[in-house]
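What you see is a predicted model; the values in this text were computed from it and never measured.
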Amino acid sequence: MGTPSDALEVLAENYEFIESIGPCLGFRRAASVLKSLPAPLRNINDIEGLPCLGPETKAVIQDIFECGSSSKVEEVLTDERYRTLKIFTSVFGVGPKTAEKWYRRGLRSLEQIVSDSSIHLNKMQIAGFQYYEDISKPVSKAEAEAVGHIIKEIAGCFSPDVTMTLTGGFRRGKEFGHDVDFLLTVPRPGKEDGLLPAVIDQLRIQGLLLYSDFQESTFDLSRLPNRRFEAMDHFQKCFLIVKLKKEQVVGQQAEQRCGRDWKAVRVDLVAPPAERYAFALLGWSGSTQFERDLRRYSRLERNMLLDNHALFDKTTCFFCNKVIHQRRIPMARCDSTASAMLTANQD
DNA sequence: TGGCAATACTG
DNA sequence: CAGTAT
DNA sequence: GCCA
């Protein structure tokens with residue numbers, strides 16, 4: 001669409017495709033700032049005083065106000081290379097490098113890719129093509145909740161006191177997403193270890209598991225400036241594609257005769273130790289741009305290192321653990337607080 | 001003019 | 001290590 | 001591309 005932030009995102013994506021990371025980030029931040037505004041821009045003067053909006057982004061926004069579109073953006077949108085890379089990178093497992101490689105070989109469509117026997121796809125890309133129709137469609141909130149019921153049911157069998165939280169875009173209030181993210185925790189320390197393998201096994205047994213990539217991620221504290229805690233923390237996650245039966249989705253009729261009664265959905269599950277829940281929640285709530293800016297702010301402005309597990313103070317060489325005594329803060333207030341200094345937590 | 005989030009897995 | 005994922 |  002023709003909103004200024006969409007236009008800036010197009011330019012950001014184009015710079016990503018030509019592997020020009022700087023301008024890409026510049027346009028991404030600018031787009032995020034516009035989305036963080038309480039009300040849409042009325043005219044070009046409204047950008048006065050906003051961060052991350054310099055001469056280049058201003059010109060684009062001005063063009064949109066004056067002409068209804070920006071010629072630079074329109075040019076990108078009609079560019080064959082941009083259009084092709086956009087299609088290629090829309091496949092799960094295909095990034096800018098692979099897309100570029102295919103483009104250079106003269107390939108222009110997904111049909112050409114799948115029918116080219118000299119192309120060797122990895123496991124992720126095979127799943128990406130196999131379920132492309134489904135997983136490239138947006139996931140509705142109702143679908144996300146239906147997936148939630150399935151996972152919660154299974155996880156509850158493993159451990160009745162499991163808690164499950166919908167994160168990602170849906171936690172930020174979005175009505176649609178490209179995947180569904182859940183955080184799972186059990187109060188008993190160490191008990192979370194077997195959780196995801198058990199969930200994955202059960203999904204497989206029920207015939208609902210279409211793709212699974214399980215990751216045992218180890219958080220190595222000894223790598224930090226502080227070598228006093230030699231502890232290793234871990235933190236499991238998995239990237240899945242699951243079969244969601246349409247009858248499980250509230251307010252949706254299984255359409256008979258023509259076609260399947262299910263849809264493939266991308267699902268990410270994360271199982272941190274209860275003690276790490278706050279950091280995991282922060283890290284998995286997004287948006288991508290918000291997470292980047294938060295980490296950059298931690299490091300550059302506060303001399304701290306933030307990741308999905310912890311916040312480390314480089315000045316005192318201590319981990320900041322106060323925040324694990326969680327307070328319930330509405331997302332909206334988190335966002336506005338943070339976006340006062342950072343760019344926004346919107347997509 | 002340098003720097004742009006940070007980390008884990010696959011092949 | 002390069003590439004993709006989050 | 002924007003900023004420190």
Whole Å only: how far is the [atom1] atom of [X] from the [atom2] atom of [N]?
| X | N | atom1 | atom2 | answer |
| --- | --- | --- | --- | --- |
| A/Arg29 | B/dC4 | CZ | P | 10 Å |
| A/Leu25 | B/dA6 | CG | C1' | 13 Å |
| A/Phe235 | B/dT7 | CZ | P | 12 Å |
| A/Glu301 | B/dG3 | CD | P | 16 Å |
| A/Asn303 | B/dA5 | CG | P | 17 Å |

Out of [options], which nucleotide sits closest to the side chain of [X]?
| X | options | result |
| --- | --- | --- |
| A/Asp268 | B/dC9, C/dT6, B/dA5 | C/dT6 |
| A/Met124 | C/dA5, B/dA8, B/dC4 | C/dA5 |
| A/Asp181 | B/dG11, C/dG3, C/dT6 | C/dT6 |
| A/Lys97 | C/dT6, C/dT4, B/dC9 | C/dT4 |
| A/Asn122 | B/dG11, B/dA8, B/dT7 | B/dG11 |
| A/Thr98 | B/dC9, B/dA5, C/dT4 | C/dT4 |

Original post:
Hey, is the side chain of A/Arg266 poking within less than 4.0 Å of OP1 or OP2 on C/dT6, counting only N and O atoms?
Top reply: yes
Subject >> Side-chain N,O (A/His309) to OP1/OP2 (C/dT6) below 4.0 Å >> reply: no
Subject >> Span that lies between the C1' atom of C/dA5 and that of B/dA5, in whole angstrom >> reply: 14 Å
Original post:
What is the 5' to 3' range of DNA chain D, first to last nucleotide, that sits under 4.0 Å from any heavy atom of chain A?
Top reply: D/dG1 to D/dC3
Subject >> Qualifying salt bridge (Lys or Arg N to Asp or Glu O under 4.0 Å) pairs, either residue in residues 79-96 of chain A, two or more places apart >> reply: A/Glu13-A/Lys86, A/Glu80-A/Arg108, A/Arg81-A/Glu100
Subject >> Sequence neighbours excluded, every pair satisfying salt bridge (Lys or Arg N to Asp or Glu O under 4.0 Å) that has a member inside residues 50-66 of chain A >> reply: A/Glu56-A/Lys72
Looking across every strand, which nucleic acid part, if any, lies under 4.0 Å from [X] by heavy atom: base, sugar-phosphate, or nothing?
| X | result |
| --- | --- |
| A/Arg299 | sugar-phosphate |
| A/Val91 | sugar-phosphate |
| A/Val270 | nothing |
| A/Leu300 | nothing |
| A/His178 | sugar-phosphate |
| A/Gly54 | sugar-phosphate |

Subject >> A/Asp134/A/Arg260 ion pair, N-O < 4.0 Å >> reply: yes
Subject >> Ring geometry between A/Phe239 and A/Trp284 (parallel below 30°, tilted from 30 to 60°, perpendicular above 60°) >> reply: tilted
Original post:
Relative to the ring of A/Phe17, is the ring of A/Tyr82 parallel (under 30°), tilted (30 to 60°) or perpendicular (over 60°)?
Top reply: tilted
Subject >> Test item: A/Gln62 side-chain N/O and A/Ala59 main-chain N/O as donor-acceptor pair under 3.5 Å >> reply: no
**OP:** Please determine if A/Lys123 forms a cation-pi arrangement with A/Tyr211, meaning its NZ or CZ atom is less than 6.0 Å from the six-membered ring centre and no more than 45° off the ring axis.
**Re:** yes
Original post:
Does a donor on one side chain sit under 3.5 Å from an acceptor on the other, for A/Ser90 and A/Ser136?
Top reply: no
